[in-house]
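Please read the structure below before turning to the comments.
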Amino acid sequence: MERESRQSAEDFLKLIRRSKRGKFKVYIGMSAGVGKTYRMLLEARDLMRNHVDVKLGYIETHQRPETHALLEGVPIIPRKEVFYKGKMVEELDLEAILSDRPEVVIIDELAHSNIAGSKNAKRWQDVMEILEAGISVISALNIQHIESLNDAIKEITSIGVSERVPDKVLQQADEVVNIDLTANDLIERLKEGKIYPLEKVPIALKNFFTTSNILQLRELALKEVASHVENKVAAEVSLSISAKQSRFMACISSNDKNAKNVIRKTARLASYLNSKWYVLYVETPKEHPNKIALDKQRYLINNFKLATELGAEIVKVEHVNISKAIINQIEQRQITTICLGKPRLRLYQIILATNLFKQLLKKLSSLPIDIIIFSK
């Protein structure tokens, strides 16, 4: 009863704080050129007609004539000019926006990395600060910039995306809207020079803008928005007190690639179900910092950082028995689903690791726990 009362008070406090924040709307697209910036500018003009104080904090039209024409008459907060690496660079002026305090500010390219020396490393961090100040924000990003989808995007397009936005940012959005086009329509826009200059079109068609890539990215974008809607409905509908909420726990080792995969996939599952999740690392005597290579320690720290950005709570425990440590944490934190990576081992390690794996699975089978083993 005390736990339920405390949780109720915390939920109410969150509602109070949330009511003071600005509203956050995000347009998502499967790629460049689907019309996100165009839609944001149309919305800005609609808001102006309804006497809302809306201003452009940062907009990037890429000189597309139809989009650029919509800038006319919409108030702009000038960008901040910074001299960087021998040239003048224009950035979002966070201080000017906070000082001006419009009701709504339009901020394009949510995944953008700010230049070195900026107050915040990422534009999404600027947006969070603006929202906390009570200013509403309309922003946009492409599906490939969502952190937990990084591996899936690379598998689809063979392109690594360096500028990424943590899933927790989208989870804070009050509204997420998908700007959708068919693959044929998007390719036609590309061929007409409405996305990139005509001289770049042949290369784009061979690489990123293939029909297969577009269809898969489109599916990811549709799923992302559908998931957001489901989570909003679940959050607003009263659930029975007896209903058991899902809680995920990703178990990782110092294996960098395997751990990243488990973290990102668990983050997606937890996001779909709007569930709390943890990342567990068991430090055995063999994995004491004094006994593992410095690069492994660095990878482990980076994976903790990635998990935190994706919304996980990090749990690090010291134990001589990995299976027992996992069981202890499952019971202590009321975990409903445990996520593991499939061991990738040399032949001489297989017997020992298999026994450990079997021992863990045997213990888990006696508990009401779902087990997910990610193959890669």
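Taking the charged nitrogens against the carboxylate oxygens, Lys194 and Glu192 do have a contact shorter than 4.0 Å, which makes a salt bridge. By the 4.0 Å N-to-carboxylate-O rule, Arg164 lies too far from Glu309 to be salt-bridged with it. Contact check on Lys23 versus Glu175 returns no salt bridge, with no Lys/Arg side-chain nitrogen under 4.0 Å from an Asp/Glu carboxylate oxygen. Salt-bridge annotation for Arg49 and Asp46: present, with a side-chain N of the basic residue lying under 4.0 Å from a carboxylate O of the acidic one. Using a 4.0 Å cut-off between charged nitrogen and carboxylate oxygen, Lys25 and Glu43 count as a salt-bridge pair. Using a 4.0 Å cut-off between charged side-chain N and carboxylate O, Lys296 and Glu287 make no salt bridge. A salt bridge links Glu129 with Lys119: the closest approach of a Lys/Arg side-chain nitrogen to an acidic carboxylate oxygen falls below 4.0 angstrom. Looking at Lys260 and Asp151, no side-chain N of the basic residue comes within less than 4.0 Å of a carboxylate O on the acidic one, giving no salt bridge. Under a 4.0 Å N-O distance rule, the pair Arg79/Glu91 does not qualify as a salt bridge. The pair Arg218-Asp180 counts as a salt bridge, with a side-chain nitrogen and a carboxylate oxygen less than 4.0 angstrom apart. The pair Arg268-Glu224 meets the salt-bridge criterion, with a side-chain N (NZ, NE, NH1 or NH2) lying under 4.0 Å from an Asp/Glu carboxylate O. Taking 4.0 Å as the cut-off between side-chain N and carboxylate O, Lys223 and Glu219 count as a salt-bridged pair.
Scanning all heavy atoms of the two residues, the minimum distance from Phe24 to Ser139 falls at CE1-CB, 4.2 Å. The two residues Tyr281 and Ser254 have their closest heavy-atom pair at CE1-N, 4.1 Å. Between Ile97 and Gly57, the closest heavy-atom pair is CD1-CA, 4.1 Å. Closest of all the heavy-atom pairs between Trp277 and Ala307 is CZ2-O, 4.0 Å. For the residue pair Cys251 and Leu340, the shortest heavy atom distance occurs at CB-CD2, 3.6 Å. Taking all atoms of both residues into account, the shortest heavy-atom contact from Ile252 to Ala259 is CB-CB, 3.8 Å.
Looking only at atom types and distance, the side chain of Thr37 has a donor-acceptor partner in the side chain of Asp108 under 3.5 Å away. Between the side chains of Glu283 and His319, no donor N or O sits under 3.5 Å from an acceptor N or O. Side chains of Ser212 and Gln216: a donor-acceptor N/O pair is present below 3.5 angstrom, by distance only. A donor and an acceptor atom, one from each side chain of Arg264 and Ser148, are nowhere located under 3.5 Å apart. Counted by atom type alone, Tyr38 and Arg64 present zero donor-acceptor pairs between their side chains at under 3.5 Å. Side-chain atoms of Asn120 and Asn114 form no donor-acceptor pair, as typed in the model, at a separation below 3.5 Å.
Remark: Leu220 CG to Asn142 CG distance equals 12.5 Å, nearest 0.5 Å. Taking CD1 of Ile77 as the reference point, atom CG of Leu92 lies at 8.5 Å (rounded to 0.5 Å). Considering CD1 of Ile159 and CD of Gln144, their distance stands at 8.5 Å, rounded to 0.5 Å. We find the CG-CZ distance between Leu190 and Phe208 to be 11.0 Å, quoted to the nearest 0.5 Å. The CD1 atom of Ile135 sits 10.5 Å away from the NZ atom of Lys55 when rounded to the nearest 0.5 Å. Taken from CD in Glu60 to CD in Glu90, the straight-line distance is 9.0 Å, to the nearest 0.5 Å.
Residue Ile156 is not grouped with residue Leu215 when hydrophobic side chains (ILVMFWY) are merged at heavy-atom distances under 4.5 angstrom, including chains of intermediate members. Val161 and Leu149 fall within the same hydrophobic cluster, where Ile, Leu, Val, Met, Phe, Trp and Tyr residues are linked whenever their side-chain heavy atoms come under 4.5 Å apart, directly or through other members. By the criterion of side-chain heavy atoms lying less than 4.5 angstrom apart, applied directly or through intervening Ile, Leu, Val, Met, Phe, Trp or Tyr residues, Leu205 is grouped together with Ile214 in one hydrophobic cluster. The hydrophobic clustering, which links ILVMFWY residues whose side-chain heavy atoms are closer than 4.5 Å, places Ile179 and Leu70 together. With hydrophobic clusters built from ILVMFWY side chains whose heavy atoms lie under 4.5 angstrom apart, Leu294 does not share a cluster with Phe304.
Within the 4.5 Å cutoff, side-chain heavy atoms of Ile292 are placed close to those of Gln297. At a threshold of 4.5 Å between non-hydrogen side-chain atoms, the residues Tyr27 and Asn178 do not count as touching. Side-chain contact between Arg333 and Glu313 is present, with at least one heavy-atom pair separated by less than 4.5 Å. By the 4.5 Å heavy-atom criterion applied to side chains, Leu310 and Lys168 are not counted as neighbours. Taking 4.5 Å as the limit, some side-chain heavy atom of Ile146 sits within range of a side-chain heavy atom of Leu141. In this structure, the side chains of Cys339 and Lys265 stay at 4.5 Å or more apart for every pair of heavy atoms. For the pair Gln332/Asn328, no side-chain contact is recorded, criterion being any heavy-atom separation below 4.5 Å from C-beta on. In this structure the side chain of Ile28 never reaches within 4.5 angstrom of the side chain of Val177, judged on heavy atoms.
Using a distance-only test at 3.5 Å, with no hydrogens or angles considered, a donor-acceptor pair links the side chain of Asn207 to the main chain of Ile203. Looking only at distances, a side-chain donor or acceptor of Asn303 sits under 3.5 Å from a matching main-chain atom of Tyr299. Checking side-chain atoms of Thr210 against main-chain N and O of Asn213 turns up a donor-acceptor pair under 3.5 Å. Proximity of a side-chain donor or acceptor of Thr157 to a complementary backbone N or O of Ile153 within less than 3.5 Å is detected. Between the side chain of Thr266 and the backbone N or O of Ile263 there is no donor-acceptor pair closer than 3.5 Å.
Listed by first and then second residue, the ring-ring contact (aromatic ring centres under 6.0 Å, His included) pairs involving residues 139-170 amount to none (not counting sequence neighbours).
More than 12 heavy atoms of other residues, nucleotides or ligands sit less than 6.0 Å from atom CZ of Arg45. Within a 6.0 Å radius of NZ in Lys191, other residues, nucleotides and ligands contribute 12 heavy atoms or fewer.
Here the rule is side-chain contact (heavy atoms from CB on, under 4.5 Å) with Leu280, and of Ile338, Ile314, Val315, Ile322 only Val315 fits it. Results of the side-chain contact (heavy atoms from CB on, under 4.5 Å) test with Leu98 over Asp126, Val105, Asp93, Ile130 single out Ile130 as the only residue that passes.
Under a cutoff of 6.0 Å and an axis angle of 45°, Arg123 and Tyr58 form a cation-pi pair.
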If you apply the rule side chain to side chain contact (heavy atoms under 4.5 Å, CB included), what do you find for Leu41 with Leu71, and how did you get there? CA-CA 7 Å; Leu41 287 172; Leu71 292 176; 3.9 Å; yes

Go through it in stages, so that I can follow the logic: the residues are Glu132 and Arg21, the test is salt bridge (charged side-chain N to carboxylate O under 4.0 Å, His left out), and I'd like the CA-CA distance, side-chain angles, deciding distance and then a yes or no. CA-CA 5 Å; Glu132 288 299 327; Arg21 292 175 83 248; 2.9 Å; yes

Could you walk me through whether Leu306 and Glu147 pass the side chain to side chain contact (heavy atoms under 4.5 Å, CB included) check? CA-CA 9 Å; Leu306 171 64; Glu147 178 63 64; 3.2 Å; yes

Take Leu269 and Thr337, measure what side chain to side chain contact (heavy atoms under 4.5 Å, CB included) needs, and give me the verdict at the end. CA-CA 10 Å; Leu269 289 171; Thr337 304; 5.8 Å; no

